[in-house]
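Written out below as structure tokens is the structure these notes cover.
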Amino acid sequence: MGYTALYRKWRPATFADVRGQDHIVTTLKNQINSGRIGHAYLFCGTRGTGKTSIAKIFARAVNCGHPVDGSPCGECASCKAIAAGASMNVVEIDAASNNGVDNIRQIREEVEYSPADGKYRVYIIDEVHMLSTGAFNALLKTLEEPPSYVIFILATTEAHRIPITVLSRCQRYDFRRIDGETITARLREMAETEGIETEEKALRYVAKKGDGSLRDAISLFDQCAAFYYGEKLTFERVLDVLGAVDNEVYSHFLRLLHEKDVGGCLRQVEELILQGRDLSQFTADFVWYMRGLLLAQTGDAPEELLDMSGEDRARLLEDAAQVPEEAAMRYIRVLSETMNQMRYSNSRRVLLEITLIKLTHPSMETTTDSLQQRIAELEERLAAGGAGQTPEQLVKQLVSSGLLAQALASSGLALNAAGGPSAKAGPGAAQEAGSPTPSGEPETIVLPTADIEQLRLLEKDWKDILDAVGMTAKETLKDVKLEPLGEGSLAMVFHDRAAFDMGSRESVCRSVESYIASAYQMQVRLEARLTAAEEYRNKRFVTEEELKQKINMDIIIE
């Protein structure tokens with residue numbers, strides 16, 4: 001007989017052989033022992049977690065003449081016939097290729113006949129979410145009221161695609177991803193039985209690459225064992241077969257990024273290519289390494305979440321102390337975007353190299369996290385004295401380079417062209433003073449405290465002032481915006497032409513000025529201006545103190 005793949009050879013034959021699904025195994029065994037067997041089951045979960053295997057064990061168990069603690073005995077004629085695929089009582093259907101109405105009609109005709117031997121006819125429909133709408137509708141009545149000797153077991157990896165009418169007729173069992181320790185233990189048992197010499201670290205890595213799927217992990221183990229047949233399966237050899245990289249390489253890459261060593265990063269990429277490593281796999285694993293780094297930075301992450309050796313964990317903690325959390329978040333975001341792009345690209349090396357250059361130069365992006373990283377670097381330089389530069393010189397250098405303007409813009413502010421304390425918002429990059437602000441983004445103007453207090457007082461009482469003046473002012477000035485012009489002057493900004501034509505008349509302005517002078521004891525000069533709706537909506541005024549609080553640093557104007 002030819003070679004049988006390990007995942008087929010080691011497929012569970014009894015409930016005792018199933019790993020990682022104790023909550024489901026216990027329930028099914030209790031149903032068999034008590035005779036409380038349902039007529040329809042829905043097995044949901046990711047690939048390789050045991051859905052089909054448990055369905056087959058359950059099919060043998062319900063027809064077994066001498067079940068042992070709810071599991072099939074494996075010795076009776078029924079068990080042997082089902083295991084050999086010669087029994088008419090167990091029918092397996094692949095819904096991916098048999099998804100039409102006619103296939104379901106055939107099932108409906110077959111269920112009318114009771115089993116010639118055994119107790120139940122069991123229909124196992126794999127990938128049931130692939131059935132057409134018509135096929136689901138044809139299945140509904142039979143699924144709801146099948147004959148007493150019929151059991152349906154539906155298996156799927158995408159439960160959300162199952163109609164609710166089908167879900168409501170089934171007992172649903174959700175299969176969990178199998179944890180790394182359980183998969184490692186199964187691989188260790190398999191290696192000992194098959195006579196394959198292995199390293200514990202190699203088994204743990206293969207289990208991790210299985211990503212919760214025992215079948216995937218066994219297939220990877222089978223591949224590695226075949227490549228190094230008759231030799232000890234070490235961690236380095238597993239990395240070589242799977243095209244993966246040791247955690248030490250990721251640590252080295254991270255340090256190069258933190259030091260902004262572009263040349264070192266590109267040389268490392270060249271080394272990976274010469275070693276035959278998969279760049280997509282490298283990128284995905286690097287994101288996973290950064291995830292571990294973030295967990296380590298929280299300080300209270302359980303060790304089992306890091307899932308690595310003590311040596312690797314110590315190195316990770318050392319890296320976590322060097323790289324700021326904001327930078328780690330940015331690395332994950334950019335690398336994840338690159339990982340998605342690699343799926344459809346024929347130039348993965350170019351994509352990765354561009355990504356590494358981008359990571360070492362936050363100035364190439366105007367996103368919030370890149371600006372936060374640049375600000376953090378600025379704070380480090382200020383704390384260290386700026387390599388001989390005074391803080392004022394550093395701030396001046398930042399203003400000229402545009403970094404401070406971008407940082408202010410990310411907080412909803414921006415410096416004016418003269419370097420004064422006025423500011424306005426931008427979508428990420430600094431904008432010239434006087435340039436139009438994008439619609440929806442408020443423009444912020446910094447004013448002396450006295451002017452702000454005067455403005456806010458008049459804005460608060462503006463309706464009462466107009467009610468007191470009455471006549472034309474009450475109707476034409478009710479929607480204006482007040483803007484300080486300096487030296488005791490205010491602009492009444494209109495966006496409606498008809499209101500501007502009436503409200504800008506000298507008599508109207510003077511009557512309002514006269515009332516303010518008498519009621520508030522302040523001399524104010526009012527001027528009228530017509531402007532666009534965007535500018536009309538998008539202005540706000542703050543004091544210098546409010547500006548400093550907003551950006552959390554002093555502003556020194558030379």
Side-chain angles (χ1 to χ4, degrees), residues 408 411-425 431-437 439 441-551 554-558:
L408 291 171
S411 300
L413 307 169
L415 292 177
N416 64 14
S422 66
K424 65 178 181 177
Q431 298 181 355
E432 294 288 340
S435 61
T437 305
S439 180
E441 294 289 339
E443 178 185 356
T444 302
I445 307 297
V446 179
L447 296 171
T449 303
D451 290 352
I452 287 290
E453 291 176 351
Q454 181 190 66
L455 174 66
R456 290 176 179 172
L457 174 62
L458 295 180
E459 283 181 334
K460 179 174 70 70
D461 295 347
W462 188 245
K463 184 177 182 302
D464 295 336
I465 294 172
L466 297 182
D467 288 341
V469 174
M471 301 177 65
T472 305
K474 182 176 181 180
E475 294 301 323
T476 60
L477 303 184
K478 63 180 180 179
D479 293 327
V480 303
K481 297 292 184 183
L482 299 178
E483 290 186 3
L485 296 176
E487 299 181 355
S489 296
L490 287 176
M492 297 186 300
V493 183
F494 294 80
H495 73 97
D496 180 82
R497 166 59 76 176
F500 172 75
D501 290 341
M502 295 294 294
S504 61
R505 291 183 299 170
E506 184 77 11
S507 59
V508 176
C509 294
R510 299 296 82 82
S511 62
V512 176
E513 292 173 357
S514 176
Y515 178 81
I516 293 175
S518 61
Y520 293 88
Q521 285 76 49
M522 64 175 67
Q523 299 297 320
V524 176
R525 175 73 178 178
L526 296 178
E527 299 180 10
R529 179 163 62 89
L530 181 64
T531 188
E534 289 78 7
E535 183 182 354
Y536 174 80
R537 289 194 304 266
N538 294 334
K539 284 193 178 182
R540 63 182 177 185
F541 302 90
V542 298
T543 65
E544 188 172 345
E545 283 301 318
E546 292 170 334
L547 175 63
K548 290 179 181 179
Q549 293 174 4
K550 180 71 174 176
I551 65 173
D554 292 334
I555 298 179
I556 300 174
I557 307 300
E558 293 185 352

- Query: For Arg510, what residues pass the salt bridge (Lys or Arg N to Asp or Glu O under 4.0 Å) criterion, not counting sequence neighbours?
  - Reply: Glu506, Glu513
- Item | Set of residues satisfying salt bridge (Lys or Arg N to Asp or Glu O under 4.0 Å) with respect to Asp501, sequence neighbours excluded | Arg497
Would you name the heavy atoms of [X] and [Y] that are closest together and state the gap between them?
X      : Y      : answer
Trp462 : Leu477 : NE1-O, 3.0 Å
Pro484 : Leu490 : CA-CD2, 3.6 Å
Cys509 : Ser504 : SG-O, 4.1 Å
Ala499 : Phe494 : O-CE2, 3.5 Å

- From Arg525 atom CZ to Ile516 atom CD1, the distance as rounded to the nearest 0.5 Å: 12.5 Å
Using side-chain heavy atoms (C-beta onward) and a distance below 4.5 Å, is [X] in contact with [Y]?
X      : Y      : answer
Leu457 : Met522 : yes
Leu482 : Met492 : yes
Leu466 : Tyr515 : no
Val524 : Ser489 : no

- Query: side-chain contact (heavy atoms from CB on, under 4.5 Å) with Phe500: which of Val493, Thr476, Leu530?
  - Reply: Leu530
